[in-house]
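Sequence lines set the chain letters: A, B, ... in the order given, protein chains first and strands last, and positions in each chain run from 1.
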Amino acid sequence: MESFFIYISMFLCLLVILALYRGIAGPTVLDRIISISAIGTKTTVILALMGFIYNRGDMFLDIALAYAFLNFIATLAAAKFFRSRKSIIPGSNCPINKGGE
Amino acid sequence: MRYIIVFFILYLHWILWSGKFDAFHLSLGIISCALVTFMSHDLFIERKKLSPKIIVEAIRFIKYVPWLLYQIILSNIHVAALVLSPRMPIEPKIIRYKTKLKTDIALVTFANSITLTPGTITADIVDGEYVVHALSRKVADDLMTGEMEDKVAQIFEEE
Amino acid sequence: MSVLAVIFILTGVFFFTTATIGLLRFPDFYTRMHAAGKGDTLGAFLTLAGLALYNLHHGFSVDAILMSIKILLIAVFIFIANPTATHAITKAALNCSVKPWENKETSK
């Protein structure tokens, strides 16, 4: 059963790398934010799985919860930050929207 | 009353996450929970007077959750089929949905339910109108039947 | 019970996979939001529920039950937090009037 968890974790790591492609290439800043948020959700699950692989569930679950909180707060803060920028409007020579068509 | 409820919720979480039951950790938990309760009790429970209605609402909400889960699984299968089909037959558009809900908690519950179910995302509420981004025409029609809104209204606004 | 847990985890991983493929394939920001916001939420919920079930297969001691409750609490938190984050980002995009992509074939 432990090797099953290891394979699942490796597969999730592969998915993280795939999602990271959107984070690097994504045309607008908002694409990058959702990519990072999705990676954070996967990382929470990977941390919980690692708790089972190493038999230290009590410790890794606390880390997973902290990671979930941080991921949520970071996403909200980034969304709030870019909402208050007027420069994100297309056509206003904003670096965020270059190539966003 | 609010102080007591918030304190017990916080203390339950303290015990659950610390996992230790000796006197030192328990008394430390009492002190810190009391501090947090004193500072932020009005953030947790906003309404001034608590009536027994809140228990009825909680029970109705728990009954609503399995239906919501079923809808979420249906919606995920729909989105997965859209993702995996080679031609991707999607027609995204923004629709406006007029709501009849009044209270804050009903609005929030309905907005989160919309986001979680068939291919729709709530973006904003403007003057009692939801701005919803729908992924395909089928899911937009599903939302317009208003079945989910009736269920949410039944939970929170029925006497 | 561990068979049920394996089924839960595999279903969750399947939804994770479709979410990631959707994130890569969909044409614009809003549609990617659909894939990432929904597939990840259900995937995480199912995987964590499977882990909580697997944790109980040795027997129902107090420690095991506490740990399962912790895992379920993480799942519930993700369930509440993910749609909220999705609203926030979509609202930011609408406020900045990012134009949604339209299907050229079906819209006239």
For chain C, which of [options] has the most heavy-atom pairs under 4.5 Å?
options	answer
T44(A), T41(A), T75(A)	T41(A)
V45(A), D31(A), L18(A), L14(A)	D31(A)
I34(A), I33(A), V16(A)	I34(A)

Which bit of [X] is near chain A, if near means a heavy-atom gap under 4.5 Å: side chain, backbone, both or neither?
X	result
I9(C)	side chain
L10(C)	side chain
F77(C)	side chain
N82(C)	side chain

Spatial distance of atom [atom1] ([X]) from atom [atom2] ([Y]) [nearest 0.5 Å]:
X	Y	atom1	atom2	value
T20(C)	L15(A)	OG1	CG	4.0 Å
K80(A)	K91(C)	NZ	NZ	8.0 Å
M67(C)	L61(A)	CE	CG	5.0 Å

Greater than 12 external heavy atoms within 6.0 Å of M10(A)'s CE: no
If you count heavy atoms of other groups shown closer than 6.0 angstrom to CZ of F60(A), is the number above 12? yes
Using a cut-off of under 4.5 Å for heavy-atom pairs, which of T86(C), T90(C), L23(C), I21(C) has the most such pairs with chain A? L23(C)
Find the one option among L24(C), I78(C), L48(C), T47(C) whose heavy-atom pairs under 4.5 Å with chain A are most numerous. L24(C)
Check the pair D62(A) / K70(C) against side chain to side chain contact (heavy atoms under 4.5 Å, CB included), numbers first and verdict last. CA-CA 9 Å; D62(A) 293 356; K70(C) 280 184 190 180; 4.0 Å; yes
Select one option (side chain, backbone, both, neither) describing which atoms of [X] are under 4.5 Å from chain C's heavy atoms.
X	value
I8(A)	side chain
F69(A)	both
L12(A)	side chain

Nearest heavy atoms of A85(C) and L76(A), plus distance in Å: CA-CD2, 4.4 Å
Can you give me the closest heavy-atom contact between I74(C) and A64(A), atom names plus distance? CD1-CB, 4.1 Å
Let's go through N55(C) and F52(A) carefully: what are the C-alpha distance in whole Å and the side-chain angles of both, what is the deciding distance for side chain to side chain contact (heavy atoms under 4.5 Å, CB included) to 0.1 Å, and is it a yes or a no? CA-CA 9 Å; N55(C) 187 35; F52(A) 279 84; 3.9 Å; yes
